[in-house]
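Read the structure below first, then the notes.
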Amino acid sequence: MDSVTATTRAARHPNVVLKLRTFAAISGAGFRRYSTYRQATVAGLFTNTVFGFLRCYVLLAVATGTGTGLAAGYTREQLATFVWAGQGMLAVIGIWGWTELADRIRTGDVVSDLLRPVDPVTNYLAGDLGRAGYAVLTRFVPPVLTGPIFFDVHLPARWQTVPLFAVSMLLAVVICFGCRFLVNATAYWLHDVRGVTTLWTLGSGVLAGLYFPLRFLPDWLWGTIWLATPLPSVMQAPLDVLVERDPGPVQLGIVGVQLGWAAVVLAGCRLVQRRAERRLVVQGG
Amino acid sequence: MAEAGAGRAYLALLRGQVRAQASYRVSFVVDLVSNVGATVFDVLSVLVLFRVTRDLAGFGLAEAMVMVGLSTAAFATADLAVGNIERVKHYVRTGLFDTILVRPLGSLPQLLLMDLPLRKVSRVLFGVAVLVAALAVADVDWTPGRVALAVVAPLAGAVFFGSIFVIGASVAFWWIESGEIANAFTYGGRDFTSYPVTVYGGWFRRLFAYGLGFAFVAYHPALALLGRADPLGLPAWVGWAAPGVAVVAATVAAVVWRTGVRHYRSTGS
C-alpha cells in the first residue's frame with residue numbers, strides 16, 4: 001500500500017503553500033480550458049437569455065395575478081432579479097452535462113487520476129472552480145446586465161448582501177460540484193449511469209428552484225426540501241440572499257445551511273472515492 | 001416499384017430499431033418511466049404557479065391547462081418523431097453523414113428512423129392524457145368542428161414543433177458548434193406555448209407568438225376550443241388556421257434542410 005498507484009497518499013511536501021499553488025494551477029487550467037469553447041459560450045448565453053425572458057414574464061404574470069403584486073412574498077422586482085441572476089448562475093454552478101468522471105471510469109482512464117499526487121476529489125474540484133470562474137465572467141455577467149435593460153429589477157439595498165452573495169455562490173458551486181461528482185461516481189458500481197443522470201437532471205431543476213422559486217410551495221414542504229436535500233442550496237439559496245427576500249439574520253442562516261451542505265457533500269465525495277478506489281484495486285483495474 | 005422498395009427499406013430500419021430497443025426489456029421499461037418525469041414536472045410547475053395566483057394574464061387554471069395539454073401533447077409527439085435530429089451535429093462533425101448520403105434513401109427519414117427513441121412514447125401518452133383531462137374539466141361547448149379541432153390542433157402543433165427541430169438541427173450544416181442555440185426555440189418554444197401569450201409583453205411576444213408562429217400551437221386553438229374571445233383582439237377563426245401555419249413551417253423546414261444538405265461538405269482528412 002506504499003506504492004502511489006494504489007492510494008492517493010500524495011504530498012511528498014506537506015507544505016500548505018505548495019498545496020495551494022497546485023490547487024491554483026489546476027484551477028487556472030480549468031479556466032483556460034473552458035475559455036477555448038467560445039462558440040459554445042455564445043450559444044449557451046443566447047439560450048439562457050431567451051429562457052430569462054420566458055421565465056421572467058411568467059413569474060411577473062403570477063405576481064400580477066395575486067392582486068397584491070406579491071408572489072409568495074417576492075415583489076415583482078425581486079422576481080425579475082431572481083430569474084435573471086438564476087439564468088446566469090446555471091452555467092456558473094454547471095448544473096447539467098458534466099459526465100467527465102463517469103466517462104473516465106467507463107473507459108478506465110480514471111486509473112491515471114489515481115497516479116497523480118493530488119487526491120481526485122481535490123483535483124476535480126480545483127478544475128471545476130476554474131471553470132466556474134470563467135463562467136462568472138462570460139455566462140453570469142451578461143444575463144445579469146440584460147435583465148435590467150428590459151425589466152425593473154431589485155438591486156441589493158444592504159451593504160452586506162453583495163459579499164454574502166459572493167460567498168453563497170461559491171458555496172453553491174462547491175455543493176453542485178459535489179453532487180455531480182457523486183452522480184458520476186455511481187459509475188464505479190453501475191456500468192450505465194444514464195438512469196442516475198436522468199434522475200439528477202430532473203430533480204436538480206425542480207428542487208434547486210429553477211422552474212419556480214421553492215417558496216411557491218407550502219412552507220412545510222419547502223422547509224423540508226431545504227434542510228433535507230442539498231439542492232435548494234445550489235440555486236435557491238444564493239438567489240434568496242441576493243434578492244433580500246428575508247431579513248439579514250435569515251440571509252446569514254441560509255449561507256450557514258449551505259456551509260453545512262458543502263461539508264457534508266465533500267465528505268461524501270471523499271468517502272465514496274476511497275471506497276471506489278479499494279474496489280477498483282480488487283477488480284485489478 | 002422503386003417507391004415500394006424505399007418504403008420497405010424504411011420499414012426495415014424501423015423494425016430494426018424496435019427490436020433493438022425492446023431487447024433490453026427492464027432497461028426499456030425504466031427508460032419509459034423516467035422519460036415521462038420531465039413532462040410531469042412541466043405540468044406540475046403550472047399547477048404550483050396556480051397555487052400562488054388564481055389568474056395568469058387573464059386566464060384561469062382550467063383554461064391554462066388546455067393550453068398546457070395542447071403544448072405538451074404536440075411537443076412530446078414532435079420530440080418522439082424528430083427530436084433526435086439534434087444528433088445531426090455529431091454526424092456532421094465526424095463526417096458520418098457521408099454514409100447517410102450514399103444510401104439511395106432520403107437523408108431526413110433515414111436519420112429519424114435510425115434512432116427513433118421509443119422510450120419517449122410515454123411522454124406522448126402523458127401529454128395526450130393531460131389534454132383530454134383538461135378538455136373534460138374546461139367545460140367546452142362541443143360541436144363537430146371543435147371535436148375535429150381538438151384532434152387536429154395537437155397534430156398541427158407536432159408538425160410545427162417538428163419543423164422547429166429540423167430547422168434548428170440544420171444550423172449544424174453551417175455552424176458545426178451550434179451548441180444549445182436550437183434549444184432556445186425547441187424547449188423555449190415548448191415553454192412559451194405552455195402559457196397564454198398574454199403573459200408575455202412587447203417585442204418578445206410579437207417575435208415568438210407571431211414572428212415565429214408559436215401562438216398557433218396552443219393559444220389560438222385553445223381559445224377556439226373554449227369559445228373565448230382573444231384579449232389581444234384577433235378573431236376567433238385564427239384558432240382554426242393552426243394547421244395552415246404548420247404546413248408553412250414544414251415547408252420552410254424542408255427547404256432549409258435541403259439547402260443545408262447541399263451545403264454539407266464532408267470533414268475530409
Side-chain angles (χ1 to χ4, degrees), chain A residues 37-74 79 90-91 96-97 150-151 192 194-203 205-207 210-218 221-222, chain B residues 24 26-27 30-31 33-42 44-61 64 119 171 175-205 207-208 214:
Chain A
Y37 305 148
R38 292 216 187 101
Q39 292 189 340
T41 304
V42 173
L45 200 54
F46 175 77
T47 304
N48 286 151
T49 307
V50 170
F51 275 93
F53 278 104
L54 288 167
R55 297 209 163 106
C56 199
Y57 276 122
V58 170
L59 290 187
L60 291 181
V62 171
T64 307
T66 57
T68 59
L70 283 181
Y74 295 94
L79 287 173
L90 274 178
W96 295 316
F150 299 99
F151 299 92
D192 184 16
R194 210 171 53 181
V196 188
T197 312
T198 308
L199 208 64
W200 162 254
T201 310
L202 283 181
V206 182
L207 298 181
L210 175 66
Y211 294 169
F212 47 82
L214 291 173
R215 304 273 181 99
F216 280 18
L217 296 170
L221 183 56
W222 135 243
Chain B
Y24 298 97
V26 176
S27 170
V30 171
D31 267 357
V33 175
S34 59
N35 245 280
V36 83
T39 315
V40 172
F41 278 133
D42 287 338
L44 279 181
S45 296
V46 180
L47 293 174
V48 169
L49 295 187
F50 272 97
R51 213 191 73 82
V52 177
T53 184
R54 297 173 66 183
D55 168 354
L56 210 55
F59 290 85
L61 176 59
R119 57 183 187 277
V171 173
W175 187 12
I176 293 177
E177 294 298 326
S178 51
E180 305 170 46
I181 292 253
N183 290 4
F185 300 103
T186 51
Y187 296 96
R190 179 197 58 191
D191 283 14
F192 183 90
T193 54
S194 295
Y195 299 95
V197 304
T198 46
V199 159
Y200 312 99
W203 59 269
F204 186 80
R205 172 166 73 202
L207 174 68
F208 259 78
F214 280 107

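Chain letters run A, B, ... following the sequence lines, proteins first, then strands; residues in each count from 1.
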Pick one of side chain, backbone, both or neither for [X], based on which atoms fall under 4.5 Å of a heavy atom in chain A.
X        : answer
B:Phe185 : side chain
B:Tyr195 : side chain
B:Arg54  : backbone

[X] to [Y] - nearest heavy-atom pair and separation:
X       : Y        : result
A:Gly44 : B:Glu180 : CA-OE2, 3.6 Å
A:Phe51 : B:Ala184 : CE1-CA, 4.2 Å
B:Arg51 : A:Phe216 : NE-O, 3.0 Å
A:Ala61 : B:Ala57  : CB-N, 4.4 Å

For chain A, which candidate among B:Leu44, B:Val48, B:Leu56 shows the most heavy-atom pairs at distances under 4.5 Å?
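Among B:Leu44, B:Val48, B:Leu56, the one with the most close pairs to chain A is B:Val48.
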
I'd like to know which of B:Gly202, B:Gly201, B:Gly37 tops the heavy-atom pair count under 4.5 Å against chain A.
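The answer is B:Gly201.
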
From CG (B:Asn183) to CZ (A:Phe46), nearest 0.5 Å
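Result: 11.0 Å between the selected atoms.
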
Enter the distance from B:Tyr200:OH to A:Phe53:CZ here, rounded to the nearest 0.5 Å.
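One finds 13.0 Å between OH of B:Tyr200 and CZ of A:Phe53.
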
Side chain from CB out, backbone as N, CA, C, O: work out which of these in A:Thr198 comes under 4.5 Å of a heavy atom of chain B, or both, or neither.
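Contact with chain B involves the side chain of A:Thr198 alone.
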
Checking A:Val62 against chain B: side chain, backbone, both or neither under 4.5 Å from a heavy atom?
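Both parts, heavy atoms under 4.5 Å.
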
Find the one option among A:Cys56, A:Gly65, A:Gly205, A:Ala71 whose heavy-atom pairs under 4.5 Å with chain B are most numerous.
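Between A:Cys56, A:Gly65, A:Gly205, A:Ala71, the count favours A:Gly65.
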
For the interface with chain B, which of A:Leu45, A:Val58, A:Val50, A:Leu59 has the highest count of heavy-atom pairs at distances below 4.5 Å?
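The candidate making the most pairs under 4.5 Å is A:Val58.
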
Given the rule in the ring pair (Phe, Tyr, Trp, His ring centres under 6.0 Å) test, do B:Phe204 and A:Tyr57 qualify, once you have shown the distances and angles that lead to the verdict?
CA-CA 10 Å; B:Phe204 186 80; A:Tyr57 276 122; 5.6 Å; yes

